Amino acid sequence: MAAAIAMAVLGASLALNGVFRGWVWLVPAITTVCIVALVLAVLRTLRVPSLLTALGGLVALVFILDFTFFRQQSLAGFVPSGATFDTLGQFLRRAGDTVVSETAPVAPNAGIVFVACASLGLVVVLMDALAVPLGMPATSGVGLLAILAFPATIKPQGAGLLGFLAAAIGFIVILGCSQWFAPDARLQSDNARGTGQPKRSVVIGAAALVLGLLLPLAIPGFERGTFPVGSRLNPWGVSNGLNPMITLGNSLRNPTGDGRITYATSSTAPVYLRSVTIDKFDGDTWAPDDREASRRIGPGRMAPDYPLPSELVRQLTVVDTGQVISPYLPVPYAPTAVNGLSGRWSWDPATLSIRGEDSTTRNQQYTVYSALPALTSAALAQANARPTSISQDFIQLPSNVPDIVKNTANTVTAGANGNYAKAMAIQDYLRSSQFSYSLQAPVQGGYDGNGMSVLADFLQQKSGYCVHFASAMAVMARLEGIPSRIAVGYAPGHATGATVAVAGQEPLPEFAVDARDAHAWPELYFEGVGWVAFEPTPSRGVVPSYASDPVAAGGPSTKLHEENLTPGAATPAPSVPAVPQLAGPGVGSGAATGSWTVLYVVAGALLLAVLAASPRMLRSGIRGRRLRPAPSRDSAALAWAELQDLATDYGVPPDPSETPRRFAERLRNSVALGASDDVGQHAVASLTGDFERQRYGPPDGPARNSAERNSAEQGNRTAAVRIAAVRTTLRRNASWFAAFRAEWLPPSLMSRWSQLFRRR
């Protein structure tokens with residue numbers, strides 16, 4: 001059994017290929033699973049109690065994980081110490097960062113591989129407990145389903161056929177082992193119940209396979225395709241929020257366009273809506289630095305902590321976020337005030353990113369006042385002073401920058417004089433014909449993320465989407481000494497044709513963005529000017545006039561819309577009025593979200609109903625197997641076992657020391673059966689007589705002809721009728737609580753589980 005469980009778990013774990021890049025993680029996974037399974041098998045061979053066997057498996061899991069991952073920090077190489085727990089905390093933080101900040105396939109760093117191995121080891125202990133001491137091998141398949149569900153939620157191509165088939169084969173072997181070698185305690189004999197069980201194991205396994213194939217039709221959340229090969233389980237539906245640097249690819253690959261936001265602006269062109277700034281880079285991931293110590297409450301008046309030029313262009317934007325849920329507020333850059341928000345909001349002076357303290361963006365309508373430097377290519381070309389007004393955090397790089405990134409930055413910027421020329425060289429290189437925009441290439445090539453290894457692969461393949469282009473320009477800018485960060489938000493979107501009336505303003509044109517407009521772009525800092533946005537992603541967004549190549553004579557211009565990020569005529573800074581109502585606000589994804597919510601509630605209710613009914617279903621299944629009308633020499637013994645369980649369910653449990661006749665007499669004289677009920681009394685007496693003849697009388701030979709077999713089948717049917725009579729009598733004489741407990745929480749079933757745990 002231990003070998004079967006180990007084979008099944010390792011087979012299911014093959015589905016993790018594609019969640020992790022490569023196969024480096026497989027060796028520690030095999031070691032962990034095999035060691036834990038071996039220890040469980042040895043302890044059970046030594047007849048250690050079941051509870052202690054499970055605890056021994058957990059101890060073995062701790063030791064093998066310690067030996068594999070924390071050998072240098074442990075006593076004797078496998079005993080945890082204080083240093084072990086310190087390193088464990090680092091591993092867990094690393095794994096958490098990987099989950100939050102990367103998309104599959106991820107680099108198999110030590111933290112995430114440790115979590116995977118620990119999870120597989122726990123699944124082995126769980127499946128062993130279900131299959132052996134609890135005697136529920138079919139239920140142990142829940143562990144395999146848990147392993148398969150994880151890649152089904154992560155990998156774009158689903159769990160995969162290889163892992164699913166390997167898990168199915170392992171599950172069938174587990175069922176076969178349990179049926180071939182486990183004796184049946186109900187018969188009070190040493191005979192194994194092996195006859196015909198391999199065939200039943202195959203049938204159960206085939207039913208599980210069919211159930212898996214039909215799963216997407218029954219459970220909301222599966223995307224189109226056949227489970228598990230072409231379908232992904234997405235229990236949260238389409239993301240309406242904007243999770244920095246991690247869900248951009250999924251949002252852009254979403255064809256439904258959920259998460260609609262409308263805005264109206266006094267700018268002469270649609271604007272970028274900026275939600276969060278990504279400026280913390282440790283070599284593996286880009287992540288936002290929220291700077292909790294320096295955040296300020298209330299965005300009613302905002303100002304950056306770096307100097308701005310005297311000439312500023314001011315604009316007004318009104319935004320309706322609809323049903324979009326995100327902790328970060330989408331606003332045009334650079335905001336000087338935000339009015340009309342509900343709840344508490346804070347902002348970061350270093351980045352001007354606005355975050356909800358007790359609120360989200362859902363159903364928010366607000367007015368944003370912003371002020372932008374009047375940017376020109378000439379002004380940026382003159383801003384070559386060494387940046388001293390901002391934190392050096394924006395220029396830091398890890399030590400593991402790949403050579404291809406360094407060499408590319410040096411080659412691209414060779415001959416460029418000044419920071420602006422270098423920035424333009426990097427942008428022009430990434431927007432050149434050497435690169436192509438693709439949402440699928442990073443997924444298929446295994447570099448869909450934002451770490452250094454991903455960036456190296458992107459510069460080799462030269463195909464990706466905004467995350468890759470933005471991080472490439474930000475890293476290469478830092479290599480050239482230019483402070484950089486990444487903004488995550490929405491590209492300008494499209495006009496809706498409607499207008500919004502704002503007090504003191506002419507009607508403003510309305511624009512809309514949704515999940516398909518989710519975007520990332522780099523921002524570079526120029527001393528005396530501030531943070532300046534660039535657009536290195538080809539075919540996405542728009543290139544501002546100051547970032548268009550002024551010397552592209554005879555070549556294709558990278559200039560798409562000169563006016564995009566540079567507003568037109570300056571508007572005077574208005575006072576801070578109440579937020580205006582948007583005329584004809586755009587319809588968000590509330591209806592779709594509501595329908596999915598209803599489906600999830602219904603699915604959850606059905607799941608709870610199945611869990612609540614599972615004891616009754618198990619009890620009915622046991623009764624049905626005992627009383628099935630098939631020729632059997634053990635029919636009287638099975639009927640007697642059912643009679644004892646019925647009596648236990650209604651408060652008359654058998655005593656192991658009493659004879660069958662003494663138990664029957666006590667049951668017939670009990671209040672539960674009722675002394676005046678002739679049908680119940682006669683049924684108990686008949687079942688007792690049949691069992692005594694079968695147990696203590698001369699042995700019956702095998703049925704030699706069809707007449708004898710028909711007689712045996714008729715005896716089974718008679719026993720079923722008698723059991724039904726006893727059950728009806730017990731239910732009629734019981735109180736409502738006793739009847740409810742007997743049907744939905746049968747004591748005979750609960751006591752069997754506890755006895756199995758105590759049994760050696």
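Keep in mind that what you see is a predicted model, and the values were worked out from it rather than measured.
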Exercise. So, for T53 and L43, which heavy atoms are closest and what is the spacing to 0.1 Å?
Worked result: O-CD1, 3.8 Å

Exercise. Mind checking whether L92 and F114 have side chains closer than 4.5 Å, heavy atoms only?
Worked result: yes

For this session: Only one of I5, V123, V9 passes side-chain contact (heavy atoms from CB on, under 4.5 Å) with L144; say which it is.
Result: V9

Problem set entry | Heavy-atom neighbours of F737 CZ exceed 12 at 6.0 Å | no

Exercise. What is the distance from atom CG of L26 to atom CG of L10, rounded to the nearest 0.5 Å?
Worked result: 7.5 Å

For this session: Determine the minimum heavy-atom distance between A637 and F691, stating which atoms define it.
Result: CA-CD1, 3.8 Å

Exercise. If you measure from CG on D128 to OG on S50, what distance do you get to the nearest 0.5 Å?
Worked result: 9.0 Å

For this session: Give, for atom CZ of R695 and atom OG1 of T659, the distance between the pair rounded to the nearest 0.5 Å.
Result: 11.5 Å

Problem set entry | Validation row: F69, V113 side chains within 4.5 angstrom (heavy atoms) | yes

Seminar exercise, completed: On a heavy-atom basis, the closest approach of V652 and F663 is O-CE1, 3.8 Å

Seminar exercise, completed: Looking only at heavy atoms, the pair that brings V36 and G57 closest together is CG1-O, 4.0 Å

For this session: Starting at CZ of R722, measure out to OG1 of T688 and round the result to the nearest 0.5 Å.
Result: 10.0 Å

Problem set entry | Intermediate values then yes/no, side-chain contact (heavy atoms from CB on, under 4.5 Å), I723 and L643 | CA-CA 7 Å; I723 288 293; L643 177 65; 4.1 Å; yes

Exercise. Got E743 and R727 here, is their nearest side-chain heavy-atom distance under 4.5 Å?
Worked result: yes

Exercise. Quick one: side chain to side chain contact (heavy atoms under 4.5 Å, CB included) partners of R732, sequence neighbours excluded?
Worked result: D677, T728, T729

Problem set entry | Any side-chain heavy-atom pair of R619 and L646 under 4.5 Å | yes

Problem set entry | Beyond-backbone contact of I64 with C117, side-chain heavy atoms, under 4.5 angstrom | no

Exercise. Looking only at heavy atoms, what is the nearest atom pair of A647 and L667, with distance?
Worked result: CB-CD1, 4.0 Å

Exercise. With a 4.5 Å limit on heavy-atom distance, are the side chains of D645 and P746 in contact?
Worked result: no

Exercise. Considering all heavy atoms of both residues, which atom of A166 and which atom of L14 are nearest to each other, and what is their separation?
Worked result: CB-CD1, 4.3 Å

Exercise. Is a donor on one side and an acceptor on the other found under 3.5 Å between the side chain of Q681 and the backbone of R668?
Worked result: yes

Exercise. How long is the span from the CD1 atom in I35 to the CD1 atom in I30, to the nearest 0.5 Å?
Worked result: 12.0 Å

Seminar exercise, completed: Separation between CG (L627) and OG1 (T718), nearest 0.5 Å, reads 11.5 Å

For this session: For the residue pair T32 and L120, establish whether any side-chain heavy-atom pair is separated by less than 4.5 Å.
Result: no

Exercise. Side chains of T87 and Q72: closer than 4.5 Å at any heavy-atom pair?
Worked result: no

Problem set entry | Verdict with supporting geometry, D655 and R666, salt bridge (charged side-chain N to carboxylate O under 4.0 Å, His left out) | CA-CA 10 Å; D655 190 328; R666 186 161 58 87; over 6 Å; no

